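Just so you know, these numbers come straight off a predicted model, no measurement behind them.
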Amino acid sequence: MKKLRKIDLWIVVPYILLLGIGIVMVYSASFYNALVAGGKTDQYLIKQAIYAVLGLFLCYITFMLKEKILKNQRILSIVMLITVLSLFYLLARAYLVPSSRINGASAWINLGFFNFQPLELSKLFLIMFLALVLTNKQNRLIKKQGWREVFREVFQPLIVVGSIIIMVLLQPDIGGALILSLITLVLVSSSTIPGRLIAELSGTLLVLFTSMIVVITKFPPGFVKHNYAYQRFLAMQHPFLLEQKAGAQLVNSFYAISNGGIFGVGLGNSIQKRGYLPEPHTDFIMSIVSEELGFVGVALILGLLLIMILRMISLGFRSKKTYNSLVYYGVATMILAQIILNVGGLLGLIPLTGVTLPFISYGGSSMLILSVALGIVLNLETTAKFEKMKKR
């Protein structure tokens, strides 16, 4: 109970509010399509509520663990093994059984009672793995002045990280691979590697990424022209010209956002969720929020998410432990990247990537992993408070 009294309310309160809003919006966005499909109108409501309660439970359990368990290398190795084997299984299944792909990608493992998405576990594993490795090597890394020396130190962990990112990219899941890459870049940048080297790395990656996009856009190879991701890129550039094809989702998202205005058309009254937007309770749930609750509803959700993110960044700046700071930054990056990719896609600022909105979109894997991640953050922060009190 003493630990609960010191819990960070700037993270807990927004988290619980977002869970509640997510349950309501998943029901509102899904009941019409569920009814048309002949199912129960509350089937997604019940599942999302179960995920939310289970997420709260896992968050609490993770919060109450001893800090040394979170840093246990044997446990981390087991998680790594599960992550790598799961991703490898998805790749093998995708190429051996093409019919297993959904929307061109193989990203889910049906466990019977639950659809598990290895990508979500990969995000959390990468954060915990890099935080531990970079912390253990901080004394050596801070003395390195050249990329060759730094590379020797981080070569083995980079093989693990690179392998995971490549396997996610081959699913293909560009959005997921991008999130993992951003998490890696942020944690490496926040470590004790000299700032000059980080600036060189960031600049080089930016130039390479921009050049690749420009070249592929101007001179797309034959196999790229018919690629699902490339079609989404074209849809972002010319949504209304491709309204009957790849631009249909984006155009209907625009209609939903436009219909909502400031205060929305009212909870449950969305038109675009009635067969116009695919999966309105997952990827496009923010479009439904915008249509039903308007700018006010969108601002509330993004505001709550921003409070959590800024709080974790603030904790990272103030923490005197490198490991804690890296975990805070990693979880904040994971949530922020998902928001940018989801909302940016709905607004047509970036291609649609199929990334869900944290705590609001329907989905068990994302909800449970995010809840565990918050439990870890709360655990580290509360433990640090008790340690500070003991020193006084």
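- Separating the CD1 atom in Ile340 from the CD1 atom in Ile350 is a distance of 8.0 Å, to the nearest 0.5 Å.
- Tyr255 places none of its side-chain heavy atoms less than 4.5 Å from the side chain of Ser258.
- With contacts defined as side-chain heavy-atom distances shorter than 4.5 Å, the pair Leu4/Thr382 does not qualify.
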Note to self: Would Val84 and Val160 count as a side-chain contact (heavy atoms from CB on, under 4.5 Å) here? Give the steps.
What the structure shows: CA-CA 9 Å; Val84 173; Val160 175; 5.5 Å; no

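- Both Met80 and Ile78 are assigned to one and the same hydrophobic cluster, defined by single-linkage of ILVMFWY side chains at heavy-atom distances under 4.5 Å.
- Remark: side-chain polar atoms of Lys6 are not paired, donor with acceptor, to backbone N or O of Lys385 under 3.5 angstrom.
- Using cut-offs of 30° and 60° on the angle between ring planes, the pair Tyr44 and Tyr362 is perpendicular.
- A 4.5 Å side-chain heavy-atom check between Leu90 and Pro118 finds at least one atom pair inside the cut-off.
- For the residue pair Tyr15 / Ser371, a side-chain donor-acceptor distance below 3.5 Å is found, with atom types taken as modelled.
- Atom CZ of residue Phe116 and atom CD1 of residue Ile369 lie 6.5 Å apart, to the nearest 0.5 angstrom.
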Check: Step by step, would you call Leu126 with Met334 a side-chain contact (heavy atoms from CB on, under 4.5 Å)?
Finding: CA-CA 10 Å; Leu126 228 62; Met334 176 171 65; over 6 Å; no

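- Distance alone, capped at 3.5 Å, places no donor-acceptor pair between the Thr62 side chain and the Gly375 backbone.
- Within 6.0 Å of the CZ atom in Phe386, the count of heavy atoms belonging to other residues, nucleotides or ligands exceeds 12.
- For the residue pair Gln117 / Ser366, no side-chain donor-acceptor distance below 3.5 Å is found, with atom types taken as modelled.
- In the hydrophobic clustering of this structure, Leu336 does not group with Ile307; members are Ile, Leu, Val, Met, Phe, Trp, Tyr whose side-chain heavy atoms approach within less than 4.5 Å, directly or through other members.
- With hydrophobic clusters built from ILVMFWY side chains whose heavy atoms lie under 4.5 angstrom apart, Ile46 does not share a cluster with Phe359.
- Using a 4.5 Å heavy-atom cutoff, the side chains of Ser189 and Leu185 are in contact.
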Notebook entry, point to check: What do the steps show when you test Asn379 against Thr383 for side-chain contact (heavy atoms from CB on, under 4.5 Å), and what is the final call?
Noted result: CA-CA 6 Å; Asn379 189 332; Thr383 302; 3.1 Å; yes

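- Note that OG of Ser122 and CD1 of Ile82 are 11.5 Å apart. Values are rounded to the nearest 0.5 Å.
- Aromatic ring orientation, Phe31 versus Tyr27: tilted (interplanar angle from 30° to 60°).
- A 4.5 Å side-chain heavy-atom check between Leu352 and Asp283 finds every atom pair outside the cut-off.
- Comment: Glu292 engages Lys273 in a salt bridge, judged by a side-chain N to carboxylate O separation of less than 4.0 angstrom.
- Within the 3.5 Å criterion, the main-chain N or O of Val161 finds no donor-acceptor partner in the side chain of Thr184.
- Between the side chain of Gln338 and the backbone N or O of Val355 there is no donor-acceptor pair closer than 3.5 Å.
- Inspection of the Ser361 and Thr356 side chains reveals no N or O donor paired with an N or O acceptor under 3.5 Å.
- Under the 3.5 Å distance criterion, the side-chain polar atoms of Asp173 are left unmatched by any main-chain donor or acceptor of Leu169.
- Counting non-hydrogen atoms of neighbouring residues, nucleotides and ligands closer than 6.0 angstrom, the CD atom of Gln43 exceeds 12 such neighbours.
- Shown here is Lys40, whose NZ atom has no more than 12 heavy atoms of other residues, nucleotides or ligands within 6.0 Å.
- The nearest pair of heavy atoms linking Arg311 to Arg318 is NH1-NH2, 3.1 Å.
- Closest approach of Tyr329 to Ile313, counting heavy atoms only: CE2-O, 3.7 Å.
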Next item on the list: Please test Met367 against Leu19 for side-chain contact (heavy atoms from CB on, under 4.5 Å), starting from the C-alpha separation and ending with a verdict.
Entry: CA-CA 9 Å; Met367 177 75 76; Leu19 290 182; 3.2 Å; yes

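- For the pair Leu187 and Leu326, the tightest heavy-atom approach, listed with the atom from each and the gap, is CD2-O, 2.9 Å.
- The two residues Leu346 and Ser253 make their nearest non-hydrogen contact at O-OG, 3.1 Å.
- Under the 4.5 Å side-chain heavy-atom criterion for Ile, Leu, Val, Met, Phe, Trp and Tyr, Ile262 and Val298 are members of distinct hydrophobic clusters.
- Remark: Lys71 qualifies as a cation-pi partner of Tyr323 under the 6.0 Å distance and 45° angle criteria applied to the six-membered ring.
- Side-chain contact check for Met286 versus Leu302: some heavy-atom pair is nearer than 4.5 Å.
- Side-chain contact between Leu347 and Ile257 is present, with at least one heavy-atom pair separated by less than 4.5 Å.
- Rounded to the nearest 0.5 Å, atoms CD (Glu381) and CG (Leu315) are 4.5 Å apart.
- Summarising the geometry, atom CD1 belonging to Ile288 is positioned 10.5 Å from atom CG belonging to Leu293; distances are rounded to the nearest 0.5 Å.
- For Ser314 (side chain) and Leu310 (main-chain N/O), no donor-acceptor pair under 3.5 Å exists by modelled atom type.
- At a threshold of 4.5 Å between non-hydrogen side-chain atoms, the residues Glu67 and Asn324 count as touching.
- Here the CG atom belonging to Leu91 is positioned 11.5 Å from the OG atom belonging to Ser86, to the nearest 0.5 angstrom.
- Heavy atoms only, all atoms of each residue included: Val327 and Ala131 are closest at CG2-CB, 3.8 Å.
- Looking at every heavy atom in both residues, Leu374 comes nearest to Val331 through CD2-CG1, 4.4 Å.
- Between the Asn136 side chain and the Leu132 main chain, a donor and an acceptor come within less than 3.5 Å of each other.
- The same ILVMFWY cluster, assembled from side-chain heavy atoms under 4.5 Å apart, contains both Leu54 and Tyr60.
- Annotation: Phe254, atom CZ; neighbour count of heavy atoms from other residues, nucleotides and ligands within 6.0 Å is above 12.
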